[in-house]
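Everything numeric here is computed off the predicted structure, so don't read it as measured data. What you see below is based on every heavy atom in this structure, not just the backbone, and it leaves out hydrogens, waters and symmetry mates.
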Amino acid sequence: QVQVVESGGGLVQAGGSLRLSCAASGRTASDAAMGWFRQAPGKGREFVAAISRMLGTNYADSVKGRFTISRDNAQNTLYLQMNNLKPEDTAVYYCAAGSPVGLPQVVSTYAYWGQGTQVTVSS
């Protein structure tokens, strides 16, 4: 089994930066697709970014040019660097691990989820 635990959320002003971290454990973690999703109150879970050996990196249009996803396989750690944050980015952010051949932007690809970390961006 794979376990994921994310951290690094907080309160920042618009235009600021924040880096989220996701610690992964399990034998299949290095081969799995890894992704970040977010969910605002009353909204569905939204794709943010993903990374896999086969497809490289993928980003939602709303975060392209501002967010960067990266992975340190040696430490089994996933990162999401968020720059030029906007109030619209406010949400609970979730780290997920899933099939290496699934569609990266689809929730059902991922079988393992973290507990979520709150990101709040003020005006």
Open item on the list: For a quick test of reading the model, state the closest non-hydrogen atom pair linking Arg66 to Asn84 and the distance between them.
Closed with: NH1-O, 3.0 Å
Task: Backbone N/O of Glu6 and side chain of Gln115: donor-acceptor pair under 3.5 Å - done: yes
Task: Transitive ILVMFWY side-chain link Tyr110 to Ile69, under 4.5 Å - done: no
- [ ] Grab the two heavy atoms, one from Ser17 and one from Val12, that are nearest each other, plus how far apart they are.
- [x] O-CG1, 4.1 Å
Open item on the list: Treating Thr109 as the side-chain partner and Leu103 as the backbone partner, does any N or O pair qualify as donor plus acceptor under 3.5 Å?
Closed with: yes
Open item on the list: Check this for me: Gln81, atom CD, are more than 12 non-hydrogen atoms of other residues, nucleotides or ligands nearer than 6.0 Å?
Closed with: yes
- [ ] Treating Ile, Leu, Val, Met, Phe, Trp and Tyr as nodes and any side-chain heavy-atom pair under 4.5 angstrom as an edge, say whether Tyr59 and Leu18 lie in one connected cluster.
- [x] yes
Open item on the list: Whether Asp61 and Lys64 form a salt bridge (side-chain N of Lys/Arg under 4.0 Å from carboxylate O of Asp/Glu) is what I want to check.
Closed with: yes
Open item on the list: If I take atom OG1 from residue Thr90 and atom CZ from residue Arg38, how far apart are they, to the nearest 0.5 angstrom?
Closed with: 9.0 Å
TODO: Check Ala40 against Ala91 and note the closest heavy-atom contact, atom names and distance.
DONE: N-CB, 3.9 Å
Open item on the list: Can you confirm whether Val4 sits close enough to Leu78 that some side-chain heavy atom of one is under 4.5 Å from a side-chain heavy atom of the other?
Closed with: no
Open item on the list: For a quick test of reading the model, state the closest non-hydrogen atom pair linking Gly116 to Val92 and the distance between them.
Closed with: CA-CG1, 3.8 Å
- [ ] State plainly whether one hydrophobic cluster holds both Val107 and Trp36, where clusters connect Ile, Leu, Val, Met, Phe, Trp and Tyr through side-chain heavy atoms under 4.5 angstrom apart.
- [x] no
Open item on the list: To check you understand the geometry: which heavy-atom pair defines the closest contact between Lys43 and Gln39, and what is its length?
Closed with: O-NE2, 2.9 Å
Task: For Cys95 against Met34, the heavy-atom pair lying closest together - done: SG-CE, 3.9 Å
TODO: Kindly assign one of parallel, tilted or perpendicular to the pair Phe67 and Tyr93, based on the angle between their ring planes and the thresholds 30° and 60°.
DONE: tilted
TODO: Please confirm whether the backbone N or O of Gly9 pairs with a side-chain atom of Thr117, one donor and one acceptor, at under 3.5 Å?
DONE: yes
Task: Shared hydrophobic cluster for Met82 and Phe47 (ILVMFWY, side-chain gaps under 4.5 Å) - done: no
Open item on the list: Would a single hydrophobic cluster contain both Tyr94 and Tyr112, if residues Ile, Leu, Val, Met, Phe, Trp and Tyr are joined by side-chain heavy-atom contacts under 4.5 Å?
Closed with: no
